[in-house]
Amino acid sequence: MRRSYAYGIAALLIVMTTACVTAPVKPLTAGEHAYGQDEDEKKLIQRSSELDNELRRRGLVLQDAQINAYVRGVAARLVPPAAASAVPFHFYVARDPMVNAFALPNGSIYLNVGLLARLENEAQLAHVLSHEIAHVVQRHSLQQDRNRRATVVAANVADLLLFGTSIAYLPAVGALAGHSRESEAEADRVALEYMSRAGYPLEGAEQLFKLLQEVKQKESAWGSVYSSHPDNQQRAQATREIIASGRWATNTGGANGAKEYLRLRDTLILENVRLKLNVRQYQLAIESADGALVKNPSSPWLHYYRGEAYRLMAEDPAGAAREHAWINDKKYNDDLVAEYVNKKQALLTSAREAYQQSLSADKGFSHAYRGLGLVAYDEGERQAARESLTYYLTHAKEITDRPYINNILGRLESQ
Ligand SMILES: [Zn+2]
């Protein structure tokens with residue numbers, strides 16, 4: 001579950017493109033769009049399909065039938081019919097805690113768990129989807145490709161190389177789904193048209209920009225349209241102006257689908273916290289869990305994952321120090337690691353408290369015993385560790401780590 005990560009690569013050079021004059025690319029809603037017929041576009045489609053396969057192979061595509069069906073249902077209302085017949089659109093949820101979404105020129109659209117876990121209603125989701133659909137419909141990737149002028153942009157992606165999931169595919173995504181400012185503005189404009197046609201209140205778009213302004217820079221990916229960027233304020237302003245102009249009908253006060261969305265959000269939030277732990281973002285996992293607990297204080301899982309974050313920090317002082325350095329733009333060094341080594345006891349105590357809270361929320365919550373058992377093991381409390389871990393193995397419904405726990409029980413026996 002620990003992924004190796006490269007560290008200290010300051011910048012990755014990526015060939016980005018800037019606008020220059022070439023033949024205009026017709027959108028897929030135009031009568032004679034000839035999608036996928038010229039060589040450049042064929043290549044883009046081919047590379048997109050390869051990336052699709054790669055993401056699936058790496059387990060980055062969320063397999064949750066309910067969430068996938070919901071996202072696809074909302075998307076189906078937004079894709080313009082003329083484009084739907086031209087491109088096979090596919091919508092995926094990416095198992096990535098970064099706040100990001102992207103569209104590939106073959107019609108594959110990915111929304112990260114990290115983004116979905118932050119949204120509050122369906123109208124906001126509709127805006128995200130519409131924006132990405134618009135990139136495909138307007139063929140922004142082909143435009144980028146056509147307009148290529150060798151401009152080398154140094155994008156600082158050291159942050160991303162740090163923490164796992166995004167490493168492998170981001171440069172590939174950037175090459176296929178990185179767009180000019182003009183394209184982003186166009187996607188924002190077109191997105192309002194799609195939302196309006198599907199009957200969503202356009203204020204969802206404004207809410208989305210507001211939410212995204214609260215996202216910490218470290219949680220949004222490079223190359224992300226949603227990264228903290230000065231452009232975001234301009235985009236929010238432009239969106240407000242279009243809405244105020246009344247150009248697109250808005251279903252003011254209409255259903256924004258909050259109920260439908262919130263029904264699935266707990267699952268997304270838990271997945272997001274889990275993904276953060278997988279890539280050793282302990283502090284960020286705690287913050288996400290804390291945020292979610294404000295609304296849902298009796299979720300045994302949220303308390304449990306808080307406990308996991310503290311316990312893993314105690315067991316992985318180097319990882320905790322790296323994250324701390326990364327979040328706070330500090331230098332990672334031995335002193336910082338030593339600070340976490342010194343905090344071990346306090347971290348284990350916090351972990352224990354969180355597992356206890358998880359039991360207060362649900363006294364039969366067997367994963368809490370797993371956590372308590374592992375903390376007891378770390379503390380050298382053999383009897384308590386044995387009891388809790390045995391309880392977990394005999395009571396939990398879904399056990400994916402039986403060999404690991406059995407191994408620890410074996411070590412406790414032989415000591
Ligand atoms: Zn975009």
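Computed from a prediction, not measured in an experiment: that's the story for all the values here. Both ligands and their constituent atoms are indexed starting at 1 by order of listing. All residue numbers refer to positions in the sequence shown, counting from 1.
Not one N, O or S atom of H140 sits under 2.8 Å from the Zn ion (ligand 1). For a distance bound of 2.8 Å, the N, O or S atoms of H179 include none lying that close to the Zn ion (ligand 1).
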Could you list the donor-acceptor pairs under 3.5 angstrom formed between side-chain atoms of residues 336-346 and any protein atom two or more places apart in sequence or on another chain?
residue, atom, partner, partner atom, Å
Y340, OH, H324, ND1, 3.2
N342, ND2, A338, O, 3.3
Q345, NE2, E379, OE1, 2.7
Q345, NE2, E379, OE2, 3.3

Residues 189-199, side-chain donor-acceptor partners within the protein, below 3.5 Å, at least two apart:
residue, atom, partner, partner atom, Å
S196, OG, A249, N, 3.3
S196, OG, A249, O, 2.6
R197, NH2, L78, O, 2.8

Can you check salt bridge (Lys or Arg N to Asp or Glu O under 4.0 Å) on K210 and E206, steps first, answer last? CA-CA 6 Å; K210 214 165 176 189; E206 291 181 76; over 6 Å; no

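Sorting the N, O or S atoms of E184 by how far they are from the Zn ion (ligand 1) puts OE1 first.
Checked by atom type, the side-chain pair E184/H135 shows a donor-acceptor distance below 3.5 Å.
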